[in-house]
Amino acid sequence: MKDFVEFVAKGLVDKPEDVQVVEVEGEQGAVLELRVAKEDLGKVIGKQGRTARALRTLLGAASSKAHRRVMLEIVE
């Protein structure tokens with residue numbers, strides 16, 4: 001899951017070398033924390049959050065197939 005989010009985020013931003021994805025295990029499941037350069041934050045979120053919502057939808061589909069609960073958090 002981590003590699004998938006990193007791959008998609010690197011395709012969206014201008015500075016792919018600044019993309020970092022950290023997986024944190026919690027009680028409910030895993031949380032993926034996505035960090036990008038400050039100037040690329042808008043590209044990852046998208047207009048009215050559409051890009052972030054689409055990324056979360058893809059992650060939800062992939063995680064349900066793997067029988068895991070994984071959530072995405074975009075960190076500034």
Side-chain angles (χ1 to χ4, degrees):
M1 303 293 165
K2 178 181 170 183
D3 295 332
F4 170 71
V5 172
E6 189 173 345
F7 175 77
V8 173
K10 284 183 177 183
L12 292 171
V13 298
D14 289 334
K15 294 184 176 179
E17 64 275 0
D18 290 344
V19 173
Q20 295 177 341
V21 180
V22 178
E23 186 170 356
V24 179
E25 286 293 329
E27 294 177 19
Q28 300 289 324
V31 176
L32 295 178
E33 294 180 350
L34 173 62
R35 297 178 195 272
V36 296
K38 193 164 185 91
E39 55 270 10
D40 288 330
L41 195 57
K43 292 180 182 180
V44 172
I45 295 173
K47 288 186 180 180
Q48 297 179 350
R50 288 184 181 156
T51 305
R53 193 172 329 129
L55 188 55
R56 286 185 176 114
T57 301
L58 288 171
L59 185 62
S63 66
S64 70
K65 206 166 193 176
H67 302 292
R68 278 183 79 199
R69 181 178 166 102
V70 181
M71 295 174 287
L72 178 67
E73 188 174 303
I74 300 170
V75 182
E76 288 187 44

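Every heavy atom of this structure was used, including side-chain atoms; hydrogens, water molecules and symmetry mates were not.
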Mark yes when over 12 heavy atoms from residues, nucleotides or ligands other than Gln48 sit less than 6.0 Å from its CD; otherwise mark no.
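Result for CD/Gln48: open.
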* Kindly give the cluster partners of Val31, where membership spreads through any ILVMFWY side chain lying under 4.5 Å from a current member. =>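 Listed partners: Met71.
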query: Apart from Ile74 itself, what residues make up its hydrophobic cluster, given side-chain heavy atom links below 4.5 Å?
result: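 Traced through the cluster, Ile74 reaches Met1, Phe4, Val5, Phe7, Val8, Leu12, Val13, Val19, Val21, Leu32, Leu34, Val36, Leu41, Val44, Ile45, Leu55, Leu58, Leu59, Val70, Leu72.
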Review point. Looking only at heavy atoms, which two atoms of Glu76 and Lys38 are closest? And how far apart?
Key: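 Closest approach of Glu76 to Lys38, heavy atoms only: OE1-NZ, 4.2 Å.
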Taking all non-hydrogen atoms of both residues into account, name the closest pair between Lys15 and Ala37 and its distance.
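Closest heavy-atom pair between Lys15 and Ala37: CD-CB, 4.2 Å.
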When rounded to the nearest 0.5 Å, the distance separating CZ of Arg68 from CD of Glu25 is 5.0 Å
When rounded to the nearest 0.5 Å, the distance separating CD of Glu33 from NZ of Lys2 is 11.0 Å
